[in-house]
Amino acid sequence: MNVAVVGGGIAGMEFVRHAFKLPVKITLIEPKPVMVCQALLPELLSDKVDEGSLCIDIEEFCCKTGVEFVRDRAEYIENGLIITEKGKQVEYDAIVLAVGAEINHYGIEGAERTCNVNTLEATLKTKRELNRAEDVIVVGSGITGVEVALELAEIGFKVCLVEYMDRVLPAFSPKVSNFVYKIMKKDGIDVRTSSAVLKVERDGVVTNKGKIFGDVVIWCAGIKPSNFVERLDVPKEEGWIKVDEFLRAGSAFAIGDCAFVKIDGKIATKTALEAEMQAKHVAENIKRILKEERLARYRIRSSIDKPIAMIMLAKNRAILVYKGITVFRPMKLIYKIKKIAIERFLRSFT
Ligand SMILES: Cc1cc2nc3c(=O)[nH]c(=O)nc-3n(C[C@H](O)[C@H](O)[C@H](O)COP(=O)(O)OP(=O)(O)OC[C@H]3O[C@@H](n4cnc5c(N)ncnc54)[C@H](O)[C@@H]3O)c2cc1C
């Protein structure tokens, strides 16, 4: 059986790690040379980690696991073939879509010119921009926005965090929001909630409450499906690839950020934890297909109503949110646990 994996991020690479011993031929299509652990990108801004420590060389990993690496971007799928940007045609019997997501600027004027930390390249560019900055505006206070704001405050930037909703970390409980809000205030961050960014200008952002001046604007306000996903002829929900309880979308499997996973009324969060679990599950289901067994239902671990997250708060601090329970202390120990978990994950590819 030929299995094609489109996307070599956390989900795609984790799938390969679990599936390479199966009696299948795997082809991984990914334009980048490395898999990036995005969870560490905010700490790259503050030089707590270096580029090398958050990347895994895909070619090396593929060599070791006997997987064919096609270093190219999939453009579209037609008549059972994946066509890449450089014109290569990849045949497959089973396909695993793991293409992640793209930054969402919501069509706001000037927003495409802002910095972000969604990819390694973008984070390195943001770092260069910060060299000439004092005042930084972070737009969006999900986990990424909060982590970026606190990392930058720790290394001496004047940070203003702008959030559209009436509290920071709006996807979490008010208790979590209040706790993190107090930490941000204590660390000197100017937090502006209920503030909608209407326009981005060279010297700051215009909000519904007036202009905020800043040298650099870092966009952490959300993600959307990629153009590749837009072009796919598969079931969709809000533009994402809609999968069933076996993580299938039509004849394909989809995992990670590009998938909309709703099972028994619960919706999976777009997190590394879910990407890893879904990848492992699809490897298991491919094994079942080979053995002509029934597919196994997926069980969501981190859902939107009961998320699992470790939120880093700079200064070696983190908190743990585990399905409605929040562990606020000891923050340094929680931070250490998160770092160990990431290190272990990355080491599993070497
Ligand atoms: C700054 C930041 C911090 C985060 N922190 C955390 C955290 O602390 N904990 C947590 O659980 N989650 C965190 N996340 C979310 C987590 O990183 C993602 O949920 C996870 O990476 C999703 O994995 P994925 O494989 O679906 O997508 P990605 O890891 O983004 O990988 C997608 C891959 O697909 C490739 N690709 C895209 N289009 C194509 C194409 N057409 N053809 C071929 N390849 C393609 C891309 O190049 C990329 O390598 C964070 C995200 C960010 C941005």
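Remember, it's 1-based here, ligands and their atoms both numbered in the order they're listed.
- Looking from atom 31 (O) of ligand 1 to the surrounding protein, the closest heavy atom is G9 CA, 3.2 Å.
- Atom 38 (N) of ligand 1 has as its closest protein heavy atom R73 NH1, 3.4 Å.
- Of all atoms in ligand 1, listed by their number and element, those nearer than 4.0 Å to a heavy atom of K270 are 19 (O).
- Annotation: E68, atom CD; neighbour count of heavy atoms from other residues, nucleotides and ligands within 6.0 Å is above 12.
- Taken from CZ in R231 to CD in E78, the straight-line distance is 11.5 Å, to the nearest 0.5 Å.
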Verdict with supporting geometry, I342 and K338, side chain to side chain contact (heavy atoms under 4.5 Å, CB included):
CA-CA 6 Å; I342 291 174; K338 172 152 186 175; 3.9 Å; yes
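- The environment of E201 atom CD is dense: over 12 non-hydrogen atoms of other residues, nucleotides or ligands sit within 6.0 angstrom.
- Taking a distance limit of 4.0 Å, we find that atom 25 (O) of ligand 1 is approached by some protein heavy atom.
- What sits closest to atom 5 (N) of ligand 1 on the protein, heavy atoms only, is A39 CA, 3.3 Å.
- Close contacts of ligand 1 with A98, meaning ligand atoms under 4.0 Å from a residue heavy atom, involve 32 (C), 33 (C), 34 (O).
- Evaluated by nearest non-hydrogen atom to atom 27 (O) of ligand 1, the leading choice among G100, A279, A254 is G100.
- When the heavy-atom distances from atom 23 (O) of ligand 1 to I223, V117, I10 are ranked, the shortest goes to I10.
- Among all protein heavy atoms, the one lying closest to atom 18 (C) of ligand 1 is D257 OD2, 3.4 Å.
- Nearest heavy-atom pair, E151 versus A314, reported as atom, atom and distance to 0.1 Å: OE2-CA, 3.4 Å.
- Between E30 and ligand 1, a contact under 3.5 Å exists for at least one N or O pair.
- At a threshold of 4.5 Å between non-hydrogen side-chain atoms, the residues L44 and L120 count as touching.
- Geometrically, ligand 1 and A101 share no nitrogen or oxygen pair separated by less than 3.5 Å.
- In terms of protein heavy atoms, atom 41 (N) of ligand 1 is closest to A74 O, 2.9 Å.
- Looking at heavy atoms from C-beta onward, S177 lies out of side-chain contact with P170 at the 4.5 angstrom threshold.
- Residue-environment remark: NZ (K262) stays at or below the threshold of 12 foreign heavy atoms within 6.0 Å.
- When non-hydrogen atoms are compared, ligand 1 lies under 4.0 Å from the side chain of K32 (C-beta onward) but not from its backbone.
- Remark: ligand 1 atoms within the under-4.0 Å shell around heavy atoms of I29 are 43 (C), 44 (N).
- Looking at D135, its side chain never comes within 3.5 Å of a backbone N or O of K158 through a donor-acceptor pair.
- Annotation: atom 11 (O) of ligand 1 to nearest protein heavy atom, A272 N, 2.8 Å.
- At most 12 non-hydrogen atoms from other residues, nucleotides or ligands lie less than 6.0 angstrom from CZ of R299.
- Looking only at atom types and distance, the side chain of E274 has a donor-acceptor partner in the side chain of Y298 under 3.5 Å away.
- For F228, there are no ring pair (Phe, Tyr, Trp, His ring centres under 6.0 Å) partners two or more places apart in sequence or in a different chain.
- Distance alone, capped at 3.5 Å, is enough to place a donor-acceptor pair between the W219 side chain and the N104 backbone.
- Each of the atoms 26 (O) of ligand 1 lies under 4.0 Å from some heavy atom of G256.
- The proximity of A275 to ligand 1, defined as any non-hydrogen pair under 4.0 Å, is limited to the side chain.
- Residue-to-ligand polar distances keep V36 apart from ligand 1: every N/O pair is separated by 3.5 Å or more.
- Ranking the protein heavy atoms by distance from atom 44 (N) of ligand 1 puts P31 CD, 3.3 Å first.
- Contact annotation: for T144 versus ligand 1, heavy atoms closer than 4.0 Å belong to the side chain alone.
- Taking the side-chain hydrogen bond (donor to acceptor under 3.5 Å, both in side chains) definition, one finds that S173 meets it with nothing, sequence neighbours left out.
- Counting only distance, with no hydrogens or angles, the side chain of Q89 and the backbone of L81 share no donor-acceptor pair below 3.5 Å.
- Under a 4.0 Å criterion applied to the non-hydrogen atoms of V6, ligand 1 contributes the atoms 42 (N), 43 (C).
- Nearest protein neighbour of atom 21 (O) of ligand 1, counting heavy atoms only, is Q38 OE1, 3.0 Å.
- Ligand 1 has no atom lying under 4.0 Å from any heavy atom of I143.
- Put simply, part of K338 is less than 4.0 Å from ligand 1, judged by heavy atoms.
- When each atom of ligand 1 is checked for a heavy atom of L273 under 4.0 Å away, the hits are 11 (O).
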